[in-house]
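Working notes, structure below.
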Amino acid sequence: MASVSSGLASKLASFNKKNFLSSSDLDASQILSLFELATQLKIGNRRIDLGNRVLGLIFKKSSTRTRVSFQVAMARLGGQSVDLNPQISQIGRGEPIKDTARVLSRYCDVLAIRTFSQQELEEYASWSTIPVINALTDLEHPCQALADYLTIQEKFGKLKGLNLSYIGDGNNVANSLMICGAMLGVNVKICSPNGFEVNSNIVEKARSLSEFGSKISICNDPLKAVKESQVIYTDVWTSMGQEEEQLRRKEIFRDYKIDQKLIDLADDEVILLHCLPAHRGEEITEEALEGQNSYVFDQAENRLHVQQALLAVQLGGL
Ligand code: CP
Ligand code: NVA
């Protein structure tokens, strides 16, 4: 069984007890160290027992991957998780965040929160005395981006200089992909219809964090965007909370579907990623999702490994 090298442990030690609210909360060297630890955990080269620590899960939106991968990650670290579903806790009856956060900090060791506004997540973090993890907000999905770039690194053996084209809505997933990709040296192109571009503040933030010469660009022609891309990424056109706009969006995003014709325009080795759940026949065809370029299930699996590594680091398990 491999041990964590002292360099790796010291890079990650600085993240002990820290919040993970945005992709920018980790720097490039911490992310790469986290990938190293996640890989050791994945291949069974390393075991970490945290000794019965507890993760609280507050999810105001549905989830399969994030919820279950966090629960399994915690179980594999020898800990437990408690589901604080707002419908069955006082959260749903409007107990103030400042009270909930201070009470839960007395019971739990870490919280993973999925909610609408980033501001609400930050309010939880400001009142909690335990680390808080962003399990998706309308602004960001940083745990997803970690799993995405680990999957890309596994496939290509590197990240610097790769071209990733995200085709679709300028949403939470796109925002975290830009920030994380910029720090890791990946050229990230976000291709969305007019009016659905990524938040310009996040574009500026990503550019300001850019390392190793990575370029962040915005465009709206998918046929041009995928040229020379090693990674094509897409997500649903209508995110949770936007259901009323679904019909209108289906019409507007019609030309932003990932199909074999689009894949054929990219690099010969291109891989296809989707955070899932997918709407087959909308943002991606069944053929593309099930085809040989698709790495979506490796990507989903990596949620577990990166989050297990993240929890181990935040809870001081190295
Ligand atoms: N990708 C993702 O976060 O999936 P869930 O909504 O199922 O958690
Ligand atoms: N953008 C999607 C991601 C789901 C994992 C949403 O927010 O609904």
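Just follow the structure's listing: the first ligand is 1, and inside any ligand the first atom is 1. This is a predicted model, so every value here is computed, not measured. Quick note: numbers below take in every heavy atom, side chains included, and nothing from hydrogens, waters or symmetry partners.
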Nearest protein heavy atom with distance in Å, relative to atom 8 (O) of ligand 2
M240 N, 2.8 Å

Given salt bridge (Lys or Arg N to Asp or Glu O under 4.0 Å), test K61 with D138 step by step and report yes or no.
CA-CA 11 Å; K61 297 176 176 177; D138 291 344; 2.6 Å; yes

Determine whether any heavy atom of L276 lies closer than 4.0 Å to an atom of ligand 1.
yes

Identity and distance of the protein heavy atom lying nearest atom 4 (O) of ligand 1
R65 NE, 2.9 Å

Atom 3 (C) of ligand 2: the protein heavy-atom neighbour that sits closest, reported with distance to 0.1 Å:
D235 OD2, 3.6 Å

Any nitrogen or oxygen of N172 lying under 3.5 Å from a nitrogen or oxygen in ligand 2? Just yes or no.
yes

Under 3.5 Å between any N/O of K61 and any N/O of ligand 2: does that happen in this structure?
no

Numbering the atoms of ligand 1 from 1, which are under 4.0 Å from a heavy atom of T64?
5 (P), 7 (O), 8 (O)

Under the side-chain contact (heavy atoms from CB on, under 4.5 Å) rule, collect the residues that match up with K60, sequence neighbours excluded.
P86, I91, T115, F116, E120

With a 4.0 Å heavy-atom cut-off (strictly under), which part of K61 contacts ligand 1: side chain, backbone, both or neither?
neither

Can you name the residues that form a side-chain hydrogen bond (donor to acceptor under 3.5 Å, both in side chains) with N187, not counting sequence neighbours?
N163

So, E140 side chain and S23 main chain: donor-acceptor pair closer than 3.5 Å or not?
yes

Have a look at ligand 1 and work out which part of R114, if any, has a heavy atom under 4.0 Å from it: side chain, backbone, both or neither.
side chain

Decide whether an N or O pair under 3.5 Å exists between C275 and ligand 1.
yes

Quick check on D169 - does any of its heavy atoms sit under 4.0 Å from an atom of ligand 2?
no

State whether the shortest distance between N or O atoms of R67 and N or O atoms of ligand 1 falls below 3.5 angstrom.
no

Expected output: side-chain S128 to main-chain I130 donor-acceptor under 3.5 Å
no

Heavy-atom pair with the smallest gap, counting every atom of A135 and R114
O-NE, 2.9 Å

Report the part of D138 (side chain from C-beta onward, or backbone N, CA, C, O) that has a heavy atom under 4.0 Å from ligand 2; answer both or neither where that applies.
neither

